[in-house]
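In what follows, a structure is listed as structure tokens, so that the remarks can point back to it.
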Amino acid sequence: MTVSDDEILERVAALPRHDAAPAVAERIRRAALAEFRGESQGAPRSDGAARPAGLWTRFVEPALVVASVVAYLTWTAATLSALHVASRTADFGERGATERH
Amino acid sequence: VDRRSPAASASETALVERLRLGEPRAFEEAYELHRAGLFAFLVRATRERALAEELLQETWLRFAKHARSLAPETDVRAWLFTVARNLLRSRRRRDFFGRELLRELGLMAGPENLDSPFEQALASETERRVEAAIGRLPASAREVVLLAVIERLEPAQLAAVLGLRPEAVRQRLARARAMLAKLLAQAGGPRDTVGETP
């Protein structure tokens, strides 16, 4: 199916084009160009080269999260184990005292 | 299949190379070349000027951010339309319930008329009916009509933008055309032949 041999598609193709208001188009151009210039002033890029920001997000942040989770789980396990030992010791103490009486 | 002429392909490659080198003039050329088409697509796809402008800005900011790391063989037009379409889809997903609910409650107007009063006066009855029919198409059908028929993207560009195989693009366009014909027939009444499928 091509546009030129189809009456409906031809009518669609003939619709006028809406354009952004000139002030809006200019504002967007300036903002995007400023972003482009800002990016261009950074370190020159090469394909596949990781930038420091990429290194931080890809490796350092996940490592920190994993380390925090491991530390938290270790602490939780140690605390629960200590509480368990303490409760058993207290239980034995109570039983001993009852038996002595 | 890239059906662009060798000259157009060479000029595109040169433009991408200059973008990769960070040439502001190249960025301005790309902006001039593709701004109008992108906006025309976004405004008809969203039916809201303000939203279309917002998405246009976001698309160009993304382009500005990634222009220096484009692959040398990048098709800039396809890249821009892909980003614009993805932004639009993600905005639709995010806003669906909010907008629908607001419209249900009568707190938000329906799709706006995109023309100024002057343009409305000039527009023919046929144009108005075709616009209205496009507006009533489902989003996926509307986007393929806009990209293929109004923006005249090449088959390879269409496939890249829509993330489909060329055959699937053709099928989607045929379905969209059939829906459009039906809508036009409903709008035009029995004497109108525009909606008849040939």
Side-chain angles (χ1 to χ4, degrees), chain A residues 1-69 72, chain B residues 19-24 26-28 31-32 35-40 42-44 49 52-53 56-57 59-69 71-72 114-115 119 122-123 126-127 129-131 133-134 145-146 148-152 170 173-174 177 180-181 184 193-198:
Chain A
M1 186 187 341
T2 60
V3 173
S4 55
D5 61 17
D6 184 297
E7 193 188 352
I8 290 182
L9 298 186
E10 248 183 22
R11 291 195 182 192
V12 172
L15 287 174
R17 248 189 179 190
H18 300 285
D19 202 355
V24 173
E26 179 57 21
R27 189 196 72 213
I28 294 173
R29 188 191 68 82
R30 269 198 245 135
L33 190 59
E35 175 79 20
F36 180 74
R37 283 183 203 273
E39 286 289 318
S40 301
Q41 280 162 7
R45 290 183 191 175
S46 61
D47 292 336
R51 290 183 297 156
L55 280 174
W56 178 264
T57 359
R58 281 188 190 180
F59 302 107
V60 182
E61 275 181 357
L64 285 175
V65 171
V66 169
S68 311
V69 170
Y72 175 73
Chain B
L19 285 165
R20 282 161 53 85
L21 292 169
E23 272 187 36
F27 185 85
E28 299 211 46
Y31 186 76
E32 284 313 311
R35 173 188 59 80
L38 271 176
F39 183 76
L42 285 169
V43 80
R44 278 201 172 99
R49 232 168 220 285
E53 287 168 359
L56 182 72
Q57 171 151 337
T59 304
W60 282 106
L61 288 176
R62 296 250 174 130
F63 184 66
K65 200 169 176 56
H66 297 283
R68 290 200 67 204
S69 49
L114 302 171
D115 295 327
E119 287 167 323
L122 286 182
T126 311
E127 278 178 10
R129 280 179 39 228
V130 175
E131 284 279 12
I134 291 175
V145 167
L146 297 179
V149 184
I150 299 187
E151 296 312 319
R152 303 275 182 124
R170 270 192 293 278
L173 181 59
R177 191 247 173 239
L180 200 55
L184 284 169
T193 55
V194 175
E196 299 292 324
T197 311

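Here is the naming used below: chain letters follow the sequence lines, and residue numbers restart at 1 for every chain.
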Point to revise | B:Ile134 versus chain A, the contacting section by heavy-atom distance below 4.5 Å | key: side chain

**Study point:** Side chain to side chain, A:Val24 and B:Leu56, heavy atoms closer than 4.5 Å
**Key:** no

Review point. In Å, rounded to the nearest 0.5 Å, how long is the span from CD of B:Glu53 to CD1 of A:Ile28?
Key: 6.5 Å

**Study point:** Contact summary for B:Phe27 and A:Ala32, nearest pair of heavy atoms
**Key:** CZ-CB, 3.6 Å

Practice item. Just give me the residue among B:Ala40, B:Ala52, B:Ala133, B:Gly22 that pairs up with chain A most often, heavy atom to heavy atom, under 4.5 Å. Key: B:Gly22

Practice item. For residues A:Phe36 and B:Arg68, report the shortest heavy-atom separation together with the two atoms involved. Key: CE1-CG, 4.3 Å

Review point. How many angstroms lie between NZ in B:Lys65 and CD in A:Glu35, if you round to the nearest 0.5 Å?
Key: 5.5 Å

Revision key, fill the gap. Scanning both residues in full, the closest heavy-atom pair of B:Arg44 with A:Pro16 reads NH2-O, 2.6 Å

Review point. Does the side chain of A:Arg17 come within less than 4.5 Å of B:Glu151's, by heavy atoms?
Key: yes

Practice item. Compare every heavy atom of B:Ala181 with every heavy atom of A:Ile8, then report the nearest pair and how far apart it is. Key: CD1-CB, 3.4 Å

Exercise for review: Answer whether the closest heavy-atom distance between the side chains of B:Arg35 and A:Asp19 falls below 4.5 Å.
Suggested key: yes

Check your understanding: Which value, rounded to the nearest 0.5 Å, describes the distance between B:Ile150 atom CD1 and A:Leu9 atom CG?
Key -> 10.0 Å

Review point. With a 4.5 angstrom heavy-atom cut-off, which part of B:Leu19 approaches chain A: side chain, backbone, both or neither?
Key: both

